[in-house]
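Step one of this worksheet: look at the structure below.
As the structure is a prediction and not an experimental result, all values here were calculated from the model.
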Amino acid sequence: MDFMMPIVRNAALALLLSSASVLSASAQTPLPDAIAAPGETIVLTLHAEGAQVYECRAGSDGKPAWAFREPIATLLLDGKTVGRHYAGPNWEHIDSSAVVGKAVGNAPGATANDIPWLKLTVTSGRGTGILSGVTTVQRINTAGGKLEGECEKPGSYRNAPYSADYVFLRKS
């Protein structure tokens, strides 16, 4: 059994180093200028799985169309639920810290079906946990979430599944 320890230790070290290089590479991927946050430091990155909720309303042309209403998503870290994202937009962590944001920049998603990437300025917060002191939230790596076109019954709702990564930053 003792002969296995160096193999296990070396495999763990290789995994750690490869993880660090992947994280480093993704951290160096330049973001579009519209959502970049120069001079800010990443506090936390969480993955979100959920839905964008749309309501059927009269459009500017008077015809019913789908209008964005609110997000509903679970925030995940290493596959574990650590919070939720909902209307406001609000992000709430299980440590009871939370922030509310206001969109100040956007960039297109990777495909026509993807909601845009966003930069949001934090307008308020609560709690003393990990999200306290966060000044900016970026929504990146979006997949899905768009719902467009006419709808038949004003007042009806439809969900469009989406996923994204939310990056929480604070001024350095």
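- Every residue two or more places apart in sequence or in another chain was checked for a salt bridge (Lys or Arg N to Asp or Glu O under 4.0 Å) with Arg170, and none qualifies.
- Note on Val167: it clusters hydrophobically with Leu31, by side-chain heavy-atom contacts below 4.5 Å among ILVMFWY residues.
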- Full working for side-chain contact (heavy atoms from CB on, under 4.5 Å) between Leu44 and Ile42: CA-CA 6 Å; Leu44 179 66; Ile42 296 174; 5.8 Å; no

- Task: Please step through side-chain contact (heavy atoms from CB on, under 4.5 Å) for the pair Lys153 and Cys56, ending with a clear verdict.
- Result: CA-CA 7 Å; Lys153 184 179 174 195; Cys56 183; 5.6 Å; no

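- In this structure, Ser156 and Trp66 have side chains that are in contact, with non-hydrogen atoms separated by less than 4.5 Å.
- Going from atom NZ of Lys102 over to atom CG of Leu118 covers 13.5 Å, rounded to the nearest 0.5 Å.
- The main-chain N or O of Ile130 is found under 3.5 Å from a side-chain atom of Asp95 such that the two form a donor-acceptor pair.
- Side chain of Arg139 to main chain of Pro116: a donor-acceptor pair is present (N/O by atom type, distance under 3.5 Å, no hydrogens or angles).
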- Item | Verdict with supporting geometry, Ser97 and Phe168, side-chain contact (heavy atoms from CB on, under 4.5 Å) | CA-CA 12 Å; Ser97 61; Phe168 299 88; over 6 Å; no

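- In this view, Glu40 and Lys171 satisfy the salt bridge (Lys or Arg N to Asp or Glu O under 4.0 Å) rule, not counting sequence neighbours.
- With rounding to the nearest 0.5 angstrom, the CG atom of Leu46 is 11.5 Å from the OG1 atom of Thr74.
- Checked by atom type and distance alone, the side chain of Asn90 never pairs as donor or acceptor with a backbone atom of Val100 at under 3.5 Å.
- None of Thr45, Leu120, Leu169, Asp165 except one satisfies the side chain to side chain contact (heavy atoms under 4.5 Å, CB included) rule with Gln138; the exception is Leu169.
- Within 6.0 Å of CG on Asp33 lie no more than 12 heavy atoms contributed by other residues, nucleotides or ligands.
- With contacts defined as side-chain heavy-atom distances shorter than 4.5 Å, the pair Gln52/Ile115 qualifies.
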- Message: The test is side-chain contact (heavy atoms from CB on, under 4.5 Å); show your working for Val82 and His93 and say whether it passes.
- Response: CA-CA 6 Å; Val82 296; His93 194 270; 4.1 Å; yes

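- At least one side-chain heavy atom of Val137 sits under 4.5 Å from a side-chain heavy atom of Trp91.
- Proximity of a side-chain donor or acceptor of Thr41 to a complementary backbone N or O of Ser172 within less than 3.5 Å is not detected.
- Between the side chains of Glu92 and Tyr86, at least one donor N or O lies within less than 3.5 Å of an accepting N or O.
- Trp117 has its side chain within reach of Pro32: a pair of non-hydrogen atoms, C-beta onward, lies under 4.5 Å apart.
- In this structure, the side chain of Lys119 engages the main chain of Ala36 through a donor-acceptor pair within 3.5 Å.
- Tyr166 pairs by the side chain to side chain donor-acceptor pair (under 3.5 Å) definition with His85, Tyr162, not counting sequence neighbours.
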